[in-house]
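Heavy-atom basis, side chains included; hydrogens, waters and symmetry copies ignored. Throughout, protein chains are lettered first and strands after them, A, B, ... in sequence-line order, and every chain is numbered starting at 1. What you see is a predicted model, and the numbers here were worked out from it, not measured in a lab.
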There are 2 protein chains.
Amino acid sequence: MVDRTSEGFSGAKAAEIVGITYRQLDYWARTDLVRPSLEDAKGSGSRRRYSYRDLLELKVIKSLLDAGIKLESVREVFSYLQENLGEDVTTANLVIQGNQAVLVRDGGELIDLVRQGQGVLNVLALAGVVEDVDARIVELRPAAPEVATVTPLASGH
Amino acid sequence: MVDRTSEGFSGAKAAEIVGITYRQLDYWARTDLVRPSLEDAKGSGSRRRYSYRDLLELKVIKSLLDAGIKLESVREVFSYLQENLGEDVTTANLVIQGNQAVLVRDGGELIDLVRQGQGVLNVLALAGVVEDVDARIVELRPAAPEVATVTPLASGH
DNA sequence: TCACGTAACTACACCCGTGTCACGGGGAAG
DNA sequence: CTTCCCCGTGACACGGGTGTAGTTACGTGA
């Protein structure tokens, strides 16, 4: 019964896990970038519920932002990813070229892309994304009832 | 003597060659992103003079912008590039990771980077940049002055 | 059922990068 | 030296993304 909370993740929790501000999460939801797939907001007072997969999407976006990519650009590309995210994600690299995206598994394939190289390639290893999200979820688990000694650091951000 | 104009490139010309607006060129110069190395502006009425290398820098930035990278992010990284641009540029790839940049020549090296893969890699083949700039310069050569019949098109872009 | 806390919502403000336009000063040609 | 035009400059506007604060209404626990 302790785990009832883990039928998905609240907005605040999701934001904390992927390392974004609530404002961003909210903005992205309203502007249709990433909506909580378990439960969308229906007016003031309601609560969003994010699935694990949602977290992955959010984290990918966060990673792209950290790399200095414009949100607008992320938007253009992201419909593709939403379709293809989820399978063997941990072995693939997301490669963005202009306003297109591809999942690349083979390293040589990547080199080919670079060689033909018009413009810039943005490469993101999805394995890292999954790892980070998983680690963060564990890290933020409410203190285990058995011990409950760990003083949570002031997670001030 | 015909070629006196080619002691560098005027602001307008530079912008046209690399495919940016004059406004952008101007803004970048004022905010210290890329200054014309031959002749900087000294007040109203003066004229900026860009070197060929300046054009390459401008074009790299343009490429990064086209890839959806924030100008702010370009700024953080660009000091590095300004030091290392110019040598064997045509064979190298510019790789940006976070706020660091590296020149990568070997493909395998690139794959290693991807594998260790924290965050996003932005990869830009510099050969393409050089090609584009060169081609564009030729393309925009003013009609031979001996004739001077060519009505300059309203170069409206 | 009721009250309280929390999260969604609204409104406002700010900064950055860019577009636009008017102005004016120098450079270059005659 | 004079004139014309190019281009640097200043001022203003605007949209996107985010921060902040106050308001509202839903969920949940008693």
What is the distance from NZ of B:K13 to P of D:dC7, rounded to the nearest Å?
10 Å
A:A41, nearest nucleotide to its side chain (from D:dT18, D:dG10, C:dC9)
C:dC9
Go through the side-chain N and O atoms of A:S51 and A:D54 and say whether any donor and acceptor fall under 3.5 Å apart.
yes
What is the distance from CG of B:L64 to P of C:dG17, rounded to the nearest Å?
14 Å
C:dC16 phosphate, OP1 or OP2, under 4.0 Å from B:R75 side-chain N/O
no
Electrostatic pair A:E139-A:R136, nearest N-O below 4.0 angstrom:
yes
Sort me out a list of protein N/O and nucleotides 4-6 of chain D N/O pairs below 3.5 Å, or just none if empty.
| residue | atom | partner | partner atom | Å |
| --- | --- | --- | --- | --- |
| D:dC6 | O2 | B:R47 | NH2 | 3.3 |

Would you indicate, yes or no, if D:dG17 has its OP1 or OP2 atom less than 4.0 angstrom from a side-chain nitrogen or oxygen of A:Y27?
yes
Would you mind listing every salt bridge (charged side-chain N to carboxylate O under 4.0 Å, His left out) that reaches into residues 97-108 of chain A, with sequence neighbours excluded?
A:D88-A:R105
Within less than 4.0 Å of OP1 or OP2 of D:dC7, is there a side-chain N or O belonging to B:R49?
no
d(CG, B:D66; P, C:dT18) in whole Å:
11 Å
Nearest whole angstrom, please: distance from the C1' of C:dC15 to the NZ of B:K70.
13 Å
As a test of reading the structure: which of D:dG27, C:dT18, C:dC9 is closest to the side chain of A:K42, going by heavy atoms?
D:dG27
Compare the minimum distances between each of C:dT18, D:dT9, C:dG17 and the side chain of B:L65, then state the nucleotide with the smallest one.
C:dT18
Should B:T21 be listed as having a side-chain N or O under 4.0 Å from OP1 or OP2 of C:dG19?
yes
Is B:L33 touching bases, backbone alone, or none of the nucleic acid, heavy atoms closer than 4.0 Å?
nothing
Kindly give the atom pairs (protein nitrogen or oxygen, nucleotide nitrogen or oxygen) under 3.5 Å for nucleotides 21-23 of chain C.
none

Length of the line joining B:L71:CG and D:dG16:C1', which is rounded to integer Å
15 Å
Lys/Arg-Asp/Glu bridge criterion (N-O < 4.0 Å) met for B:R75, B:D32
no
Expressed in angstrom and rounded to an integer, what is the separation of B:W28 atom CH2 from C:dT18 atom C1'?
11 Å
